[in-house]
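All of these numbers come straight from a predicted model, not from anything done at the bench.
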Amino acid sequence: MGKIQEESNTDKSKQDPQKQQQQGGPTQPKEQQPGGPSQQKQKKQQGGQTQYHQGQQSKGLWTQPGQQHHQGQQPQEQWNQPGQQPQRPWNQARATMEQQQGSQGPLSQPGQPQSSPRAPAENKVKPGGGDSSVGRTPSVALAKSSSSSDGVLPSLPEDLRNMQEVSKQKVQRTDLRSVLCRSGAHGKRGKPVTLEVNFFPLLIDNLKGIAYHYDVTIEPDRPKKFYRPVFAQFCQETYPNVRFAFDGQKNAYTVHKVDDGRAMVTFHPSDKGKEMQFKVTVKLTAIVDLGSLKNYMQNVGTMDKPMAAIQCLDVVLRYEIPRNRIDLDKGLELRYGLLQSVILRSKPYVNVDVWQKAFPSSGSLVDIFASFNRGNLETNRPLDGWLVKELHDYVRGMDIVYRSPNGTEKRMRCNGLRDAANAQQFTQDDGTKLTVADYFSRKFKFQLRYPALPVLHVGSTVRSVFVPPELCHVPPGQALNEAHPDECTAKIIKFAAFNVKERKEKIMRLSTSVAYNNSPTLIDFGVGVRKDFEKLSARIINPPTVVYAGNDQVRPSDGVWRAEGKKFVEPSSTLAKKTLVWRILNLDGNTNETMVQEFGEQIYNHALRCDVRLEPFSMQRTFVSVRNVHDAVRDLSQVLSNIKKDQPAITIVIIPSSDSDAVYAKVIQKAELASEGIGLLTQCIRGETVEKKRADGSTINNILLKINAITNGSNHRLTPETQPPLAKGRVMYIGAVVTHWTGDDIPSVVGVASVYDLHGFRYNCSMRLQGPREEMILDLENIVHRNVQLYQKYNGNLPERIMYYRDDVSDGQFAEILTIEMQAIHAALARIGANFKPVVTFIVTFQHHHMRFFPVGNCPTEGENGNVPPGTVVDRDIIAPNRFEFYLVSHAAVQGVAKPTKYVVLYDDSKCDPDQLQAMTLNLCYMIASCNRAVSYPAPTYYAHCAANRGRVYLENRRINMNDLEAAYRDIQISADVYDKNPMFFI
């Protein structure tokens, strides 16, 4: 199991689940706790409930005509609007549609034989799921429903024989499927409000008719950071009276046609690097019709986007903003400025946002070394080993500037640290050996002040060139070589997590400093920028109601709910029909037995309150004692194998905070991979969490939430009345994502999560490896086929509807991803049976954008940061006019400004009603097992990220043959004792 993670949704809003696991035990900040000061203040302002305009109905529950309300409830809002016909049951409507199309209902005819050797025995069913005398194919046979059983999935091994054929297909298609076009897909439910978005409208009344696009080639092509100043110098010398807009890479635009040119540029870097010669070539490649942008605005929704014109203006608006810096310690500094991009919706805008990024600090290397040791650096005392390792990782691969005692400077690449200057020797030209300290003393008459500091190995890796750090400094503007330390991450979040008011003020201040409308280049192109944020119409839709055992209902407030005293809907011990055996293994040398005992007792007592029956905690029985934690980590296979003999339902592993990633990866690999032969379900927790939060009720509660879920329990559900009709019946939710590493020597990892119960709580996962930066899921057919079979085996019926949430796909990939992955889904369903035709909806989720919402006017605010409330939906003005898309803020951001998630429907058999799809999507954000709060994107995609990140953990410290990823995937197969018996192990 993964490390316990914070569900804080610091925005950053969509946090990488693997990164969240670094945070230790989860807590609910005070401002998020119902009854806290900020909430009491807000309830006073808003009356405790979302208020509606006169004539609107409250609650917004999805009751059907003729349904009775619970006693004491106010009348609920009916789905049918005045003047509409009563909505037919979903199956009836679908049957009518199929009859009109000349087909018969799903599963109503005998199917064709299925070739799968694992097909279950033949049964006979009605289309709706009951018995029938109509013959059925083996592939659609129904097992006895186990939806109320112990949560264990039936064994269904993956058929890996077809993986190689599918995954190695070269996808090159010209017959791309068209993305769904649907104008007017606007919802109506919820409280209407007004808000602002960080978009400045572009003023294009005076836009020039054409622009000239030039291809720019700069040789040599390194370093790329010199491209802009080199091109600027080239233009000044070659085209002195022409203004170019340059993207810093290959593209330059101007409204004045010039002849192709080529010239040598002698460039002197501002960082005192050596003089360089560059050959710059410009060549006309296209004439851009800027007038097409005006034509598009006059014919919105009836013509394709004029992307060439948008790309041109994006370069024209791209400014180098002066960067401010903040010291973060540990050799890092935070720089921030203004990010800008031109986007086209119903009209063109420039999206502006605050940009921040950590860089290595510039300055004296000795001062930077001291910052790693709380400012202390003794002249003659050697550094501790842990500090030398940190400094080695920091400087390796970095450029440094060496200034010799005689004043000459040279910029060189650092290969890392070596021995101390008074110990590191090198061989001189005459064959004699000398230490670095003695060399400087003899050659330059220079006595090193810090002879005990390790020297830097610089220049070529095959030459022994060593320089002392006190004669070096770090030039500015370099990229980070390693992930920044946790303490620096905390500072970055602190400085970067502006509240709503602060973020808007920073954007406005920085954009004012740009002075767009005074720019000679913008004036040349005839472009202006309005100075105010765009105002939008939005709605706030209601959250679902959460229900626990005994129909104990809780209404979330601001995306959060409290569950003290609530019993889980299905405690895992109840499903297992036995008391759960559990163990605690401590691998952290800083966590003592007293801490473990208090932590264990808290876990046991809280489990009782949640109705989970754990074996009583005992240091003699529950606690696994090891003599030496370092030896235990080294011999982890033996330690875990011994624990497995006791057959625990869950083993909590306390891992060291200082090296948590490495130890976590080792625990997960040893415990879960089939090749290790153990098969043990674990829950890793950082020692720091046990030390500081072992008595914190919120932390213990969140640990129990995860333990109950991964041991097959069900924590909570949503009341049927708050579920839209679209979410009722046999709905199968599938989430999918592909995560990419940097470099070409590590494969991309596919994560797919599929719901397998009828309540939308339990998910199983699939993982795949594919080529670096390959975004299309190449083996999706096999994944979907297997997961549909598992859904059928567990529930006794096939799904009627499939909702496919695909994460992290950009606009330019829509047609390709839809063509390839929709074909794979349809092929998978066809393999189940010829008459199995569930309706499918394909939705892309996306958060890699810089759009933020700012409450104004009648829009209420949430929390101390002043964000828009959870449930805020925007489906007008800033969406593509001919697409079915919307933006949703589903969560309460603990820090910073909440980032909305963008949803785009690419394919839709269901012809989804916008209100229903938006409500379904929001409800799914409340179905995360590991916290009592809504997250920023739906459970299917959230869990897909968890699956992909689990796959990445399996690859840690493994050599991968990139030419045989099938073999690499076989090497990380998961033990059936984990994968089948505890399907939610990966959360």
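Take Arg694 and apply the side-chain hydrogen bond (donor to acceptor under 3.5 Å, both in side chains) test, not counting sequence neighbours, and it matches Glu598. Residues satisfying the side chain to side chain contact (heavy atoms under 4.5 Å, CB included) test with Ser714, not counting sequence neighbours, are Glu570, Arg717, Phe761, Arg762. For Tyr791, there are no ring-ring contact (aromatic ring centres under 6.0 Å, His included) partners two or more places apart in sequence or in a different chain.
Glu676 has its side chain within reach of Ser637: a pair of non-hydrogen atoms, C-beta onward, lies under 4.5 Å apart. Taking 4.5 Å as the limit, some side-chain heavy atom of Lys644 sits within range of a side-chain heavy atom of Asp977. Between Pro772 and Met962 there is a side-chain heavy-atom pair separated by less than 4.5 Å. Contact check for Gln723 versus Pro544: no side-chain heavy atoms found under the 4.5 Å cut-off. Phe599 places a side-chain heavy atom less than 4.5 Å from the side chain of Ile685. Contact of the Val546 side chain with the Pro556 side chain is registered, since non-hydrogen atoms from C-beta on lie closer than 4.5 Å. The side-chain heavy atoms of Asp588 and Val663, taken from C-beta on, include no pair separated by under 4.5 Å. Contact check for Lys566 versus His716: no side-chain heavy atoms found under the 4.5 Å cut-off.
Taking OG of Ser641 as the reference point, atom CG of Asp635 lies at 11.0 Å (rounded to 0.5 Å). For the atom pair CG of Leu680 and CG of Asn642, the computed distance is 11.0 Å after rounding to the nearest 0.5 Å. A distance of 9.5 Å separates CE of Met984 from CG of Asn712, quoted to the nearest 0.5 Å. Interatomic distance, CG of Asn795 versus CG of Leu758, reported as 4.0 Å (0.5 Å rounding). Atoms CZ and CG, from Phe986 and Asn949 in turn, are 11.5 Å apart once rounded to the nearest 0.5 Å. Between the CD1 atom in Ile783 and the CD1 atom in Ile734 there is a gap of 10.0 Å [rounded to 0.5 Å].
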>> For Leu780 and Val750: C-alpha separation, side-chain torsions, deciding distance, then whether side-chain contact (heavy atoms from CB on, under 4.5 Å) applies.
In response: CA-CA 9 Å; Leu780 185 62; Val750 173; over 6 Å; no
>> Let's go through Val738 and Glu774 carefully: what are the C-alpha distance in whole Å and the side-chain angles of both, what is the deciding distance for side-chain contact (heavy atoms from CB on, under 4.5 Å) to 0.1 Å, and is it a yes or a no?
In response: CA-CA 8 Å; Val738 182; Glu774 174 57 67; over 6 Å; no
> Lys706 and Ser930: side-chain hydrogen bond (donor to acceptor under 3.5 Å, both in side chains), yes or no, with the steps?
Replying inline: CA-CA 5 Å; Lys706 296 190 76 173; Ser930 53; 5.4 Å; no
> Could you walk me through whether Trp561 and Asn932 pass the side-chain contact (heavy atoms from CB on, under 4.5 Å) check?
Replying inline: CA-CA 6 Å; Trp561 69 96; Asn932 292 332; 3.7 Å; yes
>> For a side-chain contact (heavy atoms from CB on, under 4.5 Å) check, start with the C-alpha distance between Trp741 and Val749, then their side-chain angles and the critical distance, and finish with the verdict.
In response: CA-CA 9 Å; Trp741 304 60; Val749 181; 3.9 Å; yes
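In this structure a side-chain-to-backbone donor-acceptor pair under 3.5 Å is present from Asn715 to Leu705. When atom types are taken as modelled, the side chain of Tyr979 and the backbone of Cys765 share a donor-acceptor pair closer than 3.5 angstrom. Judged purely by atom type and a 3.5 angstrom limit, Thr711 has no side-chain atom pairing as donor or acceptor with the backbone of Ala649. With hydrogens and angles ignored, the 3.5 Å screen pairs a side-chain donor or acceptor of Tyr969 with a backbone N or O of Met767. At least one donor-acceptor pair closer than 3.5 Å links the side chain of Asn586 to the backbone N or O of Thr591. Within the 3.5 Å criterion, the main-chain N or O of Val935 finds a donor-acceptor partner in the side chain of Ser890. A donor-acceptor contact shorter than 3.5 Å is absent between the side chain of Gln597 and the backbone of Phe623. Of the possible donor and acceptor atoms, none in the side chain of Asn701 sits under 3.5 Å from a partner among the backbone N and O of Gly697. Side-chain N or O atoms of Asn708 include none that pairs as donor or acceptor with a backbone N or O of Leu704 at under 3.5 Å. Using a distance-only test at 3.5 Å, with no hydrogens or angles considered, a donor-acceptor pair links the side chain of Asn628 to the main chain of His630.
Of all heavy-atom pairs between Ile655 and Tyr664, the closest is CD1-CB, 3.8 Å. Nearest heavy atoms, Met732 versus Ser754: CE-CB, 3.9 Å. Nearest heavy-atom pair across Gln770 and Ile777 is OE1-CA, 3.8 Å. Across all non-hydrogen atoms, the minimal contact from Ile703 to Ile603 is CG2-CD1, 3.7 Å. The minimum heavy-atom distance between Ser572 and Leu580, with the atom names listed, is OG-CD1, 3.3 Å. Contact between Thr545 and Val554 at its shortest, heavy atoms only, is CG2-O, 3.5 Å.
Checked for salt-bridge contact, Arg970 and Glu966 meet the test: a charged N lies under 4.0 Å from a carboxylate O. Under 4.0 Å is where a charged nitrogen must lie from a carboxylate oxygen, and between Arg958 and Asp971 no such pair does. Contact check on Glu615 versus Arg583 returns a salt bridge, with a Lys/Arg side-chain nitrogen under 4.0 Å from an Asp/Glu carboxylate oxygen.
Between the side chains of Glu672 and Tyr954, at least one donor-acceptor pair of N or O atoms lies under 3.5 Å.
Atom NZ of Lys567 is surrounded by 12 or fewer heavy atoms from other residues, nucleotides or ligands within 6.0 Å.
Considering Leu681, Val581, Asn982 as possible partners of Ile650, the one that fulfils the side-chain contact (heavy atoms from CB on, under 4.5 Å) test is Leu681. Checked against Tyr805 for a side chain to side chain donor-acceptor pair (under 3.5 Å), the options Thr921, Thr941, Thr845 give a single hit: Thr921.
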